Amino acid sequence: MKKPTSSARWASVAWADEMWWSIRARTIARRRLRRSYRSRFYVEEWKGFAAQKNSALEKCSGEWILSLDADEALSDRIGQGDMGVVGARSSIRWVCAAAAESLSGAVYRYGGFYPDLKLRLFRRGAAEFEARPVHETLHFPGKAGRLKGDMVHDAYPSLEAYIEHMDRYSTLGAEHAVRGGKGNAFAWAFVADVVVNPVATFVYNYFFRLGFLDGREGLLLHLYHSVYVSWKYAKAWEMTRGR
């Protein structure tokens, strides 16, 4: 599986009846996308990840909704034919696609990053994004089926972008952890969260879940992911230490 290019990301869903784009500002690409892919745009003030996506869901008119981020694309194995099969099987109301993360052009198959099932296709009105500051997920009742192909998350074009992303998301994760009662100032809890937990995460994903099979990129991914875990709990401790 290769990392999708920008044009491939749009083309992977070119069969859709309509496309709604949630954007913060007008872009030059807007006119090209509208002409090529029957796209509709709306510009709103930023509400947060979950609220912004729920706002987009409200504007869709089709029976089935496929929700993708700007850096996600469907593989060639998922296309209009699959959507027809899904629509005919009324017993399956929600369908998941597996996701593969990418970093610096590499697509990961090991270490727990694949298959990472994500709910992306569902009937209109059957699901909504759960309100949380980071890693928003679709909330739905019942079980989900699975499409045959994959979804590629072209998340991090460079190592620098990945580190910047982890820094920003560790802050959001820390805020979520504090709301959940984390950030304990006790020494033993601090060491467990900031040191033991990150090391255990790296060992488990890199060795036991075979992350080393993804080569040097796999080493960097799991090493800095464990650093992200440490940052998150260190920031949560910092947020609560004055309480």
Side-chain angles (χ1 to χ4, degrees), residues 9 21-25 42-58 67-73 96-97 99-104 108 111-114 116-120 127-140 151-186 189-202 204-206 211 220-243:
R9 287 197 288 270
W21 299 82
S22 173
I23 57 178
R24 303 191 200 186
Y42 67 95
V43 181
E44 295 182 340
E45 294 296 328
W46 181 247
K47 308 180 184 70
F49 292 105
Q52 198 79 13
K53 291 183 177 181
N54 285 331
S55 179
L57 297 184
E58 294 172 357
S67 177
L68 293 177
D69 290 340
D71 57 2
E72 295 175 344
C96 290
E101 300 279 347
S102 69
L103 169 62
S104 300
Y108 297 94
F113 280 82
Y114 180 88
D116 181 18
L117 295 179
K118 302 288 187 182
L119 180 65
R120 286 292 186 265
E128 65 177 2
F129 284 93
E130 180 183 0
R132 52 188 304 179
V134 64
H135 302 309
E136 68 286 350
T137 56
L138 278 162
H139 174 72
F140 67 103
M151 177 186 74
V152 179
H153 183 198
D154 184 14
Y156 318 109
S158 67
L159 185 59
E160 180 182 11
Y162 177 70
I163 294 173
E164 291 177 353
H165 181 89
M166 291 297 101
D167 184 27
R168 185 172 71 256
Y169 268 59
S170 63
T171 299
L172 297 174
E175 294 171 353
H176 182 69
V178 169
R179 280 193 290 271
K182 296 289 185 179
N184 198 320
F186 292 114
F190 177 82
V191 173
D193 287 340
V194 178
V195 179
V196 178
N197 192 355
V199 172
T201 297
F202 174 80
Y204 178 62
N205 289 332
Y206 189 70
L220 295 176
L221 176 70
H222 294 290
L223 177 63
Y224 292 120
H225 176 71
S226 65
V227 172
Y228 155 79
V229 175
S230 180
W231 284 351
K232 179 177 70 173
Y233 288 111
K235 290 179 180 180
W237 167 80
E238 184 179 50
M239 292 175 185
T240 58
R241 66 175 177 172
R243 297 181 184 178

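These figures come from a predicted structure and were not determined experimentally.
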Side chains of Y108 and Y114 in contact at under 4.5 Å (non-hydrogen atoms): no
Value rounded to 0.5 Å, distance of CG in L223 from NE2 in H225: 11.5 Å
Contact check, side chains of L221 and Y162, non-hydrogen atoms, under 4.5 Å: yes
Contact check, side chains of K53 and L138, non-hydrogen atoms, under 4.5 Å: no
Within-4.5 Å side-chain heavy-atom neighbours: H153 and S102: no
Spacing of M151 atom CE and K118 atom NZ [to the nearest 0.5 Å]: 7.0 Å
Donor-acceptor contact present, side-chain S67 to main-chain R120, <3.5 Å: no
Q52 side chain to K47 backbone, donor-acceptor under 3.5 Å: yes
Y224 side chain reached by M166 side chain, heavy atoms, under 4.5 Å: no
F129 vs L57 side-chain heavy atoms within contact, under 4.5 Å: yes
Reported CG-to-OG distance for the pair D193 and S230, which is rounded to 0.5 angstrom: 9.5 Å
Side chain to side chain contact (heavy atoms under 4.5 Å, CB included) between L119 and F140, worked out: CA-CA 9 Å; L119 180 65; F140 67 103; 3.2 Å; yes
Nearest-0.5 Å distance that lies between atom CD in E164 and atom CG in L159: 10.0 Å
Criterion salt bridge (charged side-chain N to carboxylate O under 4.0 Å, His left out) on K235 and D167, from CA distance to verdict: CA-CA 10 Å; K235 290 179 180 180; D167 184 27; 2.7 Å; yes
Atom of E72, atom of L68 and distance for their closest heavy-atom approach: OE1-CA, 3.6 Å
Under the side-chain hydrogen bond (donor to acceptor under 3.5 Å, both in side chains) test, residues paired with N205 that sit two or more places apart: R209
Plane angle bin for H222 and F113 - parallel if under 30°, tilted between 30 and 60°, otherwise perpendicular: perpendicular
F49 and L172, any side-chain heavy atoms less than 4.5 Å apart: yes
4.5 Å side-chain heavy-atom contact, Y206 and T201: no
Closest heavy-atom pair and its distance - A177, A236: CB-CB, 4.4 Å
Aromatic ring proximity, centroids under 6.0 angstrom, H165 and Y156: yes
From E128 atom CD to E58 atom CD, the distance as rounded to the nearest 0.5 Å: 9.0 Å
